[in-house]
Amino acid sequence: MNQQHDLLNVRHASLDEAKTAMSTLLEKRSSNYSLDAQLYNDPHMFRIDMEEVFQKEWLFVGMTSEIPKKGDYFTVEIGQNPVLIVRDAEGKVNAFHNTCRHRGSVICTEHRGKVANLVCPYHQWTYDLKGNLLFAGTEMNKNFDMKQHGLKSAFCRTGGGFIFVCLGKTAPDDGFDDFLTTLDEYMEPYDVENTKLAVESTMYERANWKLVLENNRECYHCAGSHPELLNTLLEWDDTEDPRAPQDFLDHYNAQAAQWDAEGIPHKHQSFGEIQRNRIVRMPLKKGTKVMTIDGAAACTKTLGRIKNRELGSMRILHLPNSWNHMQSDHFIVFRVLPISAQESIVTTKWFVHKDAVEGVDYNTDTLRKVWDATNEQDKVLGERNQLGINSIGYQPGPYSETYEFGVINFLNWYSNTVQKNLNDK
């Protein structure tokens, strides 16, 4: 028993030492350089990332149209925390820790499904869709209080059809309410509740989650790595991109006039510290409609009240784990979740109008082709990046302030968030 106690003390001391080391590394880092190797590959540093970021911050998990009716649910793994997202009888989207209050078994074992009540498969403890315990068998003692053993909930908010959860004891603001309000406004033309999940992919990547995000936050690598994507995508990050030439700005202004005529919001919006949340509508290349191989329509039905197929792409960023592209006839959402210090899962989902018929109105291969290729290319880049960082020859390198300002913004947000949360004890 004493040996076990000593071992626990060693582990706790090791984690405390890691927290001190992380604070020191983040405090002394140069904001326009990549991070020290430990912050990309050390298991202790990864545990701190999970505790101070993924267990305390708002995370994107999915879309409301994935669970359109009472009892519809999906599950998600946030580190070692299985989470259940379910719609109740009043239409509210709820998030619960997917662990029974009896002996902790996972309750919903499928990725998605539909239930009348939530029944633990181990001993059949039963909960309603609001997490209240309804049945605990007949073997509990007379003092057992059903009301004290409901499912543990997580913070859950929705905006514009996006579902966010927070596993912390409190939920941070940091402009989040304003972001959700603006999401409602900017997503209104798409009528998300009348869309459906057409197809999804899950990709395992042998790279730290921050490397996945860093790669997404710049298009410096696009010309050399993403030929399919660049058939339609203009690499400029937004109208404030310092690299943007005049012909792009002229193209943007012409598109903006069409968006205004249709009442489509497009003004750049940023929220939270260092643009944690951002919405910006950008045109695609001239003559292209959506992100398909040839730029042609992907679905015969446009979304919501949209008429103009050359709507471009509304890009939505949510740190720490999501980027998204909203287009005229479909939209794509991306979710990153860490597995370990050097492993991540990237989930991509494509949505179309709920009345669209596969094989008639759309083809999943057409929807997927560009981003399947792009995701696979980014996976290779991320894994090579991780292998190089693991080398004893690695040292932090400089970012381009014009091509990689998005990466700088992300790491500034990450550094500030971790230090703030470590200090808020």
Taking [Y]'s backbone N and O only, do any of them form a donor-acceptor pair with [X]'s side chain (distance below 3.5 Å, no angle check)?
X: Gln327; Y: Met291; value: yes
X: Asn98; Y: Cys108; value: yes
X: Arg101; Y: Gly150; value: yes

Give me the ring orientation class for [X] and [Y]: parallel if the planes are under 30° apart, tilted from 30 to 60°, perpendicular past 60°.
X: Tyr403; Y: Tyr220; value: tilted
X: Phe410; Y: Trp413; value: parallel
X: Phe162; Y: Phe164; value: parallel

Are the aromatic ring centres of [X] and [Y] under 6.0 angstrom apart?
X: Phe405; Y: Trp236; result: no
X: His353; Y: His330; result: no
X: Phe334; Y: Trp323; result: yes
X: Phe54; Y: Trp209; result: yes

Any salt bridge linking [X] with [Y]? Criterion: basic side-chain nitrogen under 4.0 Å from a carboxylate oxygen.
X: Lys70; Y: Asp88; answer: no
X: Lys210; Y: Glu214; answer: no
X: Lys307; Y: Glu262; answer: no
X: Glu383; Y: Arg206; answer: yes

Just how far is it from atom [atom1] of [X] to atom [atom2] of [Y], taken to the nearest 0.5 Å?
X: Arg281; Y: Gln269; atom1: CZ; atom2: CD; answer: 12.0 Å
X: Lys130; Y: Asn117; atom1: NZ; atom2: CG; answer: 12.5 Å
X: Leu25; Y: Gln38; atom1: CG; atom2: CD; answer: 5.5 Å

- request: Provide the closest heavy-atom pair for Val106 versus Pro82 in the form atom of the first, atom of the second, distance.
  value: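 Val106 and Pro82 have their closest heavy atoms at CG2-CG, 4.2 Å.
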task: Can you see which heavy atom on Ser344 is nearest to which on Val336, and at what distance?
output: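 Heavy atoms only, the tightest pair is CB-CG1, 4.5 Å.
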task: Show your working on salt bridge (charged side-chain N to carboxylate O under 4.0 Å, His left out) between Arg305 and Glu188 and close with a plain yes or no.
output: CA-CA 9 Å; Arg305 62 175 177 83; Glu188 176 273 327; 2.9 Å; yes
task: Measure from NZ or CZ of Lys349 to the centre of the six-membered ring of Phe74 and say whether it is under 6.0 Å with the direction within 45° of the ring axis.
output: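 So Lys349 does make the cation-pi contact.
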Could you tell me whether the side chain of [Y] reaches within less than 4.5 Å of the side chain of [X], counting heavy atoms only?
X: Thr158; Y: Leu180; answer: no
X: Leu233; Y: His226; answer: no
X: Ile163; Y: Phe60; answer: no

message: Please determine whether ring pair (Phe, Tyr, Trp, His ring centres under 6.0 Å) holds for the pair Phe144 and Trp125, giving the CA-CA distance in whole Å, both sets of side-chain angles, and the decisive distance to 0.1 Å.
response: CA-CA 14 Å; Phe144 177 73; Trp125 277 36; 5.6 Å; yes
query: Do Asn390 and Gln386 get their side chains close enough for a donor-acceptor pair, meaning under 3.5 Å?
result: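 A pair is found: one side chain offers a donor N or O, the other an acceptor, under 3.5 Å apart.
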query: Do Asn194 and Lys354 meet the criterion of a side-chain donor-acceptor pair at a distance under 3.5 Å?
result: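 Indeed, the side chains of Asn194 and Lys354 share at least one donor-acceptor pair under 3.5 Å.
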- prompt: Checking salt bridge (charged side-chain N to carboxylate O under 4.0 Å, His left out) for the pair Glu66/Arg112: CA distance, chi angles, key distance, verdict?
  reply: CA-CA 9 Å; Glu66 296 181 62; Arg112 60 178 74 249; 2.9 Å; yes
- request: Quick one: do Trp371 and His325 satisfy ring pair (Phe, Tyr, Trp, His ring centres under 6.0 Å)? Show the steps, please.
  value: CA-CA 11 Å; Trp371 279 106; His325 286 278; 5.4 Å; yes
